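Some notes on the structure that comes next.
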Amino acid sequence: GVLTRTIPTGQRGVNDVAFDPQFGRGKACVAFAPVIPKHARYATLFRDLMTDEAFHMKTDVFPKSDVLCVEFLGQNSSTALFGHRSGAISLVDKRSRSFMRVANTSEQGSVISMLVVDKQNPSSVVSKKSFGLCLLYDIRNLGSQQRRSEVWSMSPPRGNFNPTLSSCCSGLALDPTQTILVSPFIDEERAPCFALWSLLNGQCIGTKRPNSGATMITRGALPHCELNRTITPTWEMIVGKGDQVSIKRPKKRWSVWFKLATIKSIAPHCTGSIHQLSFPGDQL
């Protein structure tokens, strides 16, 4: 039969969960993105599934703001990043019980997605705000009075960007070289689009709209576009004679995958669909 287990979170609810990068290899820690009521005295941030031991942090230290996303810091099993509704980002080390503020409260929206740039040697993290802004931070500069932790502030191109509808877009991905950032937004034609930024200089280097089968969002519908962080080789479906279908893998291309959905739509082929978006570049 199917075995199930309910994990106690110690709070009213969670918005996200992250599993220990060493999970299944002698460790079984889970990090939570908890809902934090105003009257809460502490937040439950980690739980060990082997010992059922929970890690709590008092809210007089940890920001009293709902956590919307959580991310372990690379391969480090004891340290995680927490993105808050207030726009702040917290870095917590449960081993030393230390807390640091990566980003302060911002008017640019809530932190809805985060991505560690190099999981083997984590020194940078990218965050996405609810109105489309992406920021690159160098966590090595935390606590420094001479250097800022914020490296680049990256916005979708002006004139072709709907910030209100883009609040329903989430997710970040990096190209195989980990120097180009990809993230979705909704353009002025109410269609999903993807911006690409260089992490070397913070400049937007282009945008790309998916094929026509994934672009149209009907009037009155609320679009939702969620980008998965995993990058894959590109596969193409070729229909030949006699409707024979073959799958080919083009050289020098890589892909990201995204989910497109609408709350109210008269175009059912766009509702809850999964799409591939291909880019030129070195393979994985």
Side-chain angles (χ1 to χ4, degrees), residues 15-18 33 68-71 83 109-117 125-136 154-157 160-199 204-218 221-237 247 249-250 253-265 267-281 283-284:
N15 293 311
D16 191 18
V17 63
L68 302 182
C69 55
V70 59
E71 180 88 4
S110 306
V111 180
I112 58 175
S113 303
M114 294 185 297
L115 184 63
V116 175
V117 174
V125 60
V126 182
S127 73
K128 179 180 177 64
K129 295 296 188 70
S130 53
F131 294 110
L133 180 70
C134 294
L135 298 117
L136 176 67
M154 300 167 285
S155 299
N160 190 32
F161 168 55
N162 188 317
T164 302
L165 293 181
S166 294
S167 63
C168 297
C169 296
S170 63
L172 299 161
L174 295 170
D175 78 319
T177 66
Q178 294 200 333
T179 60
I180 297 176
L181 176 69
V182 184
S183 190
F185 67 95
I186 303 298
D187 65 18
E188 288 295 341
E189 298 181 9
R190 300 175 62 85
C193 199
F194 292 81
L196 292 86
W197 295 275
S198 169
L199 294 185
C204 181
I205 58 178
T207 61
K208 185 166 184 177
R209 182 187 283 188
N211 59 47
S212 57
T215 55
M216 297 311 296
I217 301 295
T218 57
L222 184 62
H224 173 78
C225 184
E226 181 179 348
L227 175 66
N228 191 284
R229 67 180 58 188
T230 303
I231 58 173
T232 70
T234 296
W235 291 283
E236 290 184 353
M237 181 180 295
I247 305 296
R249 177 177 168 180
R253 296 196 71 87
W254 55 277
S255 292
V256 295
W257 297 78
F258 65 96
K259 178 177 68 176
L260 181 66
T262 56
I263 297 176
K264 176 184 177 182
S265 175
H269 67 280
C270 290
T271 303
S273 50
I274 306 296
H275 302 268
Q276 176 184 240
L277 188 64
S278 177
F279 299 92
Q283 294 183 1
L284 304 178

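Reckoned from all heavy atoms, side chains included, excluding hydrogens, waters and symmetry mates. Small disclaimer: the values here were computed from a predicted structure and weren't measured.
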Residues Val126, Val117; criterion side chain to side chain contact (heavy atoms under 4.5 Å, CB included); working and verdict: CA-CA 7 Å; Val126 182; Val117 174; 3.9 Å; yes
Could you tell me whether the side chain of [Y] reaches within less than 4.5 Å of the side chain of [X], counting heavy atoms only?
{"X": "Arg229", "Y": "Leu115", "answer": "yes"}
{"X": "Pro184", "Y": "Pro192", "answer": "no"}
{"X": "Phe279", "Y": "Lys208", "answer": "yes"}
{"X": "Leu133", "Y": "Lys128", "answer": "no"}
{"X": "Leu174", "Y": "Leu181", "answer": "yes"}
{"X": "Leu227", "Y": "Val182", "answer": "yes"}
{"X": "Pro157", "Y": "Phe185", "answer": "yes"}
{"X": "Asp187", "Y": "Phe161", "answer": "no"}

Can you find a side-chain donor-acceptor pair between Thr234 and Trp254 that sits under 3.5 Å?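 On atom types as modelled, these side chains do not qualify, holding no pair under 3.5 Å.
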Would you check if the side chain of [X] reaches a backbone N or O of [Y] as a donor-acceptor pair within less than 3.5 Å?
{"X": "Ser130", "Y": "Val111", "answer": "no"}
{"X": "Trp197", "Y": "Ser155", "answer": "yes"}
{"X": "His224", "Y": "Cys168", "answer": "yes"}
{"X": "Glu188", "Y": "Asn160", "answer": "no"}
{"X": "Ser166", "Y": "Ile186", "answer": "yes"}

Given the side-chain rings of Phe194 and Phe258, with only the six-membered ring counted for Trp, is the space between their centroids under 6.0 Å?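 They qualify: ring centres under 6.0 Å apart.
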Looking at every heavy atom in both [X] and [Y], which two are closest together, and how far apart are they?
{"X": "Asn228", "Y": "Thr230", "answer": "OD1-N, 2.8 Å"}
{"X": "Pro233", "Y": "Gln276", "answer": "O-OE1, 3.9 Å"}
{"X": "Phe131", "Y": "Gly109", "answer": "CD1-CA, 3.9 Å"}
{"X": "Arg209", "Y": "Glu189", "answer": "NH2-OE1, 3.1 Å"}
{"X": "Ser113", "Y": "Cys69", "answer": "N-SG, 3.7 Å"}

For the [atom1] atom of [X] and the [atom2] atom of [Y], what is their distance to the nearest 0.5 Å?
{"X": "Cys169", "Y": "Ile112", "atom1": "SG", "atom2": "CD1", "answer": "8.0 Å"}
{"X": "Leu196", "Y": "Cys204", "atom1": "CG", "atom2": "SG", "answer": "7.0 Å"}
{"X": "Leu68", "Y": "Ser110", "atom1": "CG", "atom2": "OG", "answer": "5.5 Å"}
{"X": "Ile231", "Y": "Gln178", "atom1": "CD1", "atom2": "CD", "answer": "7.5 Å"}
{"X": "Met114", "Y": "Glu71", "atom1": "CE", "atom2": "CD", "answer": "6.0 Å"}
{"X": "Ser273", "Y": "Leu260", "atom1": "OG", "atom2": "CG", "answer": "5.0 Å"}

If a pair satisfies salt bridge (Lys or Arg N to Asp or Glu O under 4.0 Å) and one of its residues is in residues 163-177, list it, with sequence neighbours excluded.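 Found none.
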Output all residues satisfying salt bridge (Lys or Arg N to Asp or Glu O under 4.0 Å) with Asp16, sequence neighbours left out; order by chain, then residue number.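 Salt bridge (Lys or Arg N to Asp or Glu O under 4.0 Å) list for Asp16, sorted by chain: empty.
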Partner residues of Glu236 under the salt bridge (Lys or Arg N to Asp or Glu O under 4.0 Å) criterion, sequence neighbours left out: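 Applying salt bridge (Lys or Arg N to Asp or Glu O under 4.0 Å) to Glu236 gives none.
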Trace of the side chain to side chain contact (heavy atoms under 4.5 Å, CB included) decision for Thr232 with Trp257: CA-CA 8 Å; Thr232 70; Trp257 297 78; 2.9 Å; yes
